[in-house]
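Here the structure is laid out as structure tokens; the discussion comes afterwards.
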Amino acid sequence: MKKILALAMAACLSAGLAACSGSPSAPSAPADSSPAASAPAQSAGADISVYTNAYFAPFEYYDGTDIAGVDVDIMNLVGEKLNRKVVYTNVEFGTIIDTVSAGKLADVGAAGITITESRQQQVDFSDPYFTSVQYVIYPAGTMAPDGSDGDVSYILWGSLAGKKIGVQADTTGDIYVDMEINAADGDDYDLGRDGVLLNSGAEEVRYDSAQLAADAVGAGQVDVVVVDYLPASYIVDKNSGYECAALYYPAGVDGAPAPFPTEEQYAICVTKGQDELRSAINEVLAQLGEQGINDLVLKHMGLE
């Protein structure tokens, strides 16, 4: 399998997040109150229609009835640059790529979206702006990390053998878990390492959001959740009784001399041919730089 290109993880994130220990729960996000899109995405000068999934904090989440987050701040800066209003619509994550590809209801998908080869065939991506690692959420005290990589504790894929694994449907956590449970050697997947959980007794259960998957852990419906690093940290921080750790492949996989993380790169997608819009997004990302993105992450994690 082709490896996902790696960027440095956001070094400014606190050690407390790396430890991923839970704290008292917070109120859950409100139900979707965004208006449904009813008109085609329009040309330059018109509103920029952005499809997102507002249950992927800190990149997008509900603040009252408004959608907020890292991606929202980025796209608002793009709107200012182009002197265009940005309109956000909360949708199921799995519909975003297809809708942006069609170019009728949405110009942009901004939802912590990972670059994959199959998605690149449908939409154009901005420059990558964040590298994430998959994490495992589990009930406190029920699992022990298999090792540590600096300050990061990790669990190896093999430790998920025989477990029911909750994921958010259509995310890269879903793609990775599906790949590792079901793919035989040589199967063509965008992500994954040729079925490290094949015939292990592991089972995947899909949910509409990472929070619902975490709630299923609490209800005893699944054993663990696999989701991206920052959403995992956010969920564990806001819900008591959970812990999380990075999800690593063991030494020897792909010839690696040491265990290595399950990682991916986020970017913002646009309808193919929207070159001016993509250029504006890339200009904003370049102006923010790594430190600016890290500052937005800290802001929306409440760690400023």
Side-chain angles (χ1 to χ4, degrees), residues 7-30 32 34 50-78 86 88 90-91 93 96 108-114 126 128-137 152 167-168 171-173 208-215 225-239 242-246 263-269 281 284-285 288-304:
L7 298 174
M9 284 292 290
C12 61
L13 293 173
S14 69
L17 287 183
C20 283
S21 58
S23 65
S25 61
S28 58
D32 182 6
S34 298
V50 178
Y51 267 27
T52 190
N53 179 266
Y55 301 102
F56 199 69
F59 291 92
E60 32 276 318
Y61 60 93
Y62 272 108
D63 181 8
T65 59
D66 296 324
I67 298 174
V70 174
D71 289 331
V72 174
D73 285 355
I74 292 170
M75 285 308 304
N76 285 343
L77 290 172
V78 172
V86 184
Y88 300 93
N90 180 48
V91 298
F93 183 84
I96 294 174
V108 174
I113 299 173
T114 296
S126 70
Y129 64 92
F130 191 83
T131 294
S132 182
V133 172
Q134 291 294 310
Y135 262 58
V136 182
I137 301 173
V152 178
V167 298
Q168 181 177 353
T171 63
T172 46
D208 288 339
S209 73
Q211 181 62 62
L212 287 174
D215 292 343
V225 172
V226 171
V227 67
D228 296 30
Y229 168 47
L230 289 178
S233 300
Y234 189 91
I235 287 169
V236 169
D237 186 57
K238 300 298 183 184
N239 297 268
Y242 296 115
E243 296 176 338
C244 65
E263 63 185 8
E264 63 211 63
Q265 289 183 295
Y266 293 168
I268 293 170
C269 71
I281 294 169
V284 167
L285 293 175
L288 286 169
E290 183 179 352
Q291 185 59 54
I293 295 295
N294 288 345
D295 288 344
L296 291 179
V297 168
L298 291 173
K299 167 187 169 184
H300 290 288
M301 293 290 290
L303 297 173
E304 283 186 312

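Since we're looking at a predicted model, the values are computed, not measured. We number each residue from 1, following the sequence as shown.
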* To do: Taking all heavy atoms of Met75 and all of Ala110, pick out the closest pair and write down the distance.
  => CG-CB, 4.2 Å
* **For the student: nearest non-hydrogen atoms of Asp71 and Gly112, plus distance** => OD2-N, 2.9 Å
* Would you check if Leu288 and Leu296 make a side-chain contact, meaning some heavy-atom pair closer than 4.5 Å? => yes
* **Interatomic distance, Leu230 atom CG to Asp237 atom CG [nearest 0.5 angstrom]** => 11.5 Å
* Using side chain to side chain donor-acceptor pair (under 3.5 Å) as the criterion, list what pairs up with Asp73, not counting sequence neighbours. => Lys299, His300
* To do: Drop me the distance from Ile113's CD1 to Ile96's CD1, to the nearest 0.5 angstrom.
  => 5.0 Å
* **Nearest heavy-atom neighbours spanning Pro128 and Ala267** => CA-CB, 4.2 Å
* To do: Would you name the heavy atoms of Ile293 and Tyr129 that are closest together and state the gap between them?
  => CG2-O, 3.8 Å
* Asked: Which of these passes side chain to side chain contact (heavy atoms under 4.5 Å, CB included) with Ile137: Val226, Asn239, Val225?
  -> Val225
* Distance, nearest 0.5 Å, that separates CG of Asn90 from OH of Tyr61 -> 14.0 Å
* **Heavy-atom side-chain contact between Tyr51 and Val108 under 4.5 Å** => no
* Structure fact -> The ring-ring contact (aromatic ring centres under 6.0 Å, His included) partners of Tyr266 (sequence neighbours excluded) come to Phe59, Phe130
* **Student check: side-chain heavy atoms of Asn53 and Gln168 closer than 4.5 Å** => yes
* Asked: With a 4.5 Å heavy-atom cut-off, do Gln211 and Ile235 have their side chains touching?
  -> yes
* **Shortest non-hydrogen contact from Pro231 toward Pro58** => N-CD, 4.3 Å
* Look up atom CD in Glu60 and atom OH in Tyr88, then write down how far apart they are to the nearest 0.5 Å. => 10.0 Å
* Rounded distance [0.5 Å steps], OG1 in Thr114 versus CD in Glu263 -> 11.0 Å
* Asked: Can a donor-acceptor pair be found between the side chains of Tyr234 and Asp228 at a distance below 3.5 Å?
  -> no
* Main-chain N/O of Val86 paired with Asn76 side-chain donor or acceptor, under 3.5 Å -> no
* Structure fact -> Separation between CG (Leu285) and CD1 (Ile74), nearest 0.5 Å, reads 5.5 Å
* **Where Ala111 and Phe56 come nearest, the two heavy atoms and their spacing** => O-CD2, 4.0 Å
